[in-house]
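Counting convention: from 1, in listed order, for ligands and their atoms alike. This chain uses plain numbering: 1 for the first residue, then up along the sequence.
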Amino acid sequence: MSDRRPYIAANWKMHKTVEETEAFVGELLPAVAGAGDVDVVVCPPYLALKRAVELCAQSPVRVAAQNMHEEESGAFTGEVSAPMLTEIGTDAVVLGHSERRTYFNETDDALARKVPAALEAGLEPILCVGETEAERDADATESVLLRQVTADLAGVVDARLADVVVAYEPVWAIGTGRTATPEQADEAIAFIRRTVAGRSAEAADRIRIIYGGSVKPANAAELMALDGVDGALVGGASLDPADFSAIVEAARP
Ligand code: PEP
């Protein structure tokens, strides 16, 4: 771990009703009360966001959406915009998750507009990037990361680059139980940091780059111990407040 503030986010995906969110937050808040040195973020489905914001209001835990549209309003049936998220007190937004890229045709072009739109609205973007298994096997990991990071951050001015959190999520490690080795995570994250340094050395030093892909209490400490890894985006293991708070604990400096 570096001196960047650790960042641990719970991506619930399409899990948890409002009632389940209440139960989760009720258990989480006391469990992370001593972790004031870590940014702790929960990412519920849209319908549970408002309740999560209310429940976390008197705590350091922050709330993120899992996606948003790049326009403020318009004829985009089924979509939600940044001002709609900030109106209810949402703090951050996951953008470019591989499930959205794979199943919902999320493109780098759209992300190039979504990331600055989120920042402008006052949302902290958690930008996900990462290669598929076929791309890793074809030795294309760095070219994929270069393409995604360059394109997705193209609309962000240098002075705001460090306000983005980048999540390196190798697609083959998401929800599969396979975790990148510490060496693989470290190498990819170092590459992303060098790519940001191509824009601004200062931003590269400050930007948080976290790892995602089957992070669990059993492997979190090893991953968090890596100097370049500033935290984790957690899917499956974030559905259980005890497991998630154990991962938060592992990230404490
Ligand atoms: C994710 O959804 O971002 C993720 C990393 O999932 P999991 O931890 O289940 O692999």
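At a threshold of 4.0 Å, the pair Asp152-Lys114 does not count as salt-bridged, since none of the basic side-chain nitrogens sits closer than that to a carboxylate oxygen.
In this structure, His97 counts as a contact residue of ligand 1, since one of its heavy atoms falls inside 4.0 Å of the ligand. Within the structure, the closest approach of Ala232 to ligand 1 does not fall below 4.0 Å when heavy atoms are considered.
Every atom of ligand 1 is numbered from 1 in the order shown, and the set under 4.0 Å from a heavy atom of Gly175 is 7 (P), 9 (O), 10 (O). Remark: ligand 1 atoms within the under-4.0 Å shell around heavy atoms of Leu233 are 3 (O), 5 (C). Interface atoms of ligand 1 facing Asn11, defined by a heavy-atom separation under 4.0 Å, are 1 (C), 2 (O), 3 (O). Below 4.0 Å from some heavy atom of Gly236 lie the following atoms of ligand 1, by number and element: 7 (P), 8 (O), 9 (O). Atoms of ligand 1 lying under 4.0 Å from at least one heavy atom of Ala173, given by number and element, are 10 (O). For ligand 1, the atoms closer than 4.0 angstrom to any heavy atom of Glu169 are 1 (C), 3 (O), 4 (C), 5 (C). Counting atoms of ligand 1 from 1 in the listed order, those under 4.0 Å from a heavy atom of Gly213 are 5 (C), 10 (O). For ligand 1 and Ser214, the ligand atoms under 4.0 Å from any heavy atom of the residue are 7 (P), 8 (O), 10 (O).
The neighbour count for Lys13 NZ, taken as heavy atoms of other residues, nucleotides or ligands under 6.0 Å away, is above 12. A 6.0 Å sphere centred on CD of Glu222 holds no more than 12 heavy atoms belonging to other residues, nucleotides or ligands. Other residues, nucleotides and ligands contribute more than 12 heavy atoms inside 6.0 Å of the CD atom of Glu20. Residue Glu79 places its CD atom among more than 12 non-hydrogen atoms of other residues, nucleotides or ligands, all under 6.0 Å distant.
The side chain to side chain donor-acceptor pair (under 3.5 Å) search around Glu120 returns none, not counting sequence neighbours.
Scanning all protein heavy atoms for the shortest distance to atom 8 (O) of ligand 1 gives Gly235 N, 2.8 Å.
Residue contacts with ligand 1, taken as heavy atom pairs separated by less than 4.0 Å, do not involve Ala237 at all.
Between Glu135 and Thr132, the side chains place a donor N or O and an acceptor N or O closer than 3.5 Å (distance only, hydrogens not considered).
Considering only heavy atoms from C-beta on, Leu28 comes within 4.5 Å of Ser245 through its side chain.
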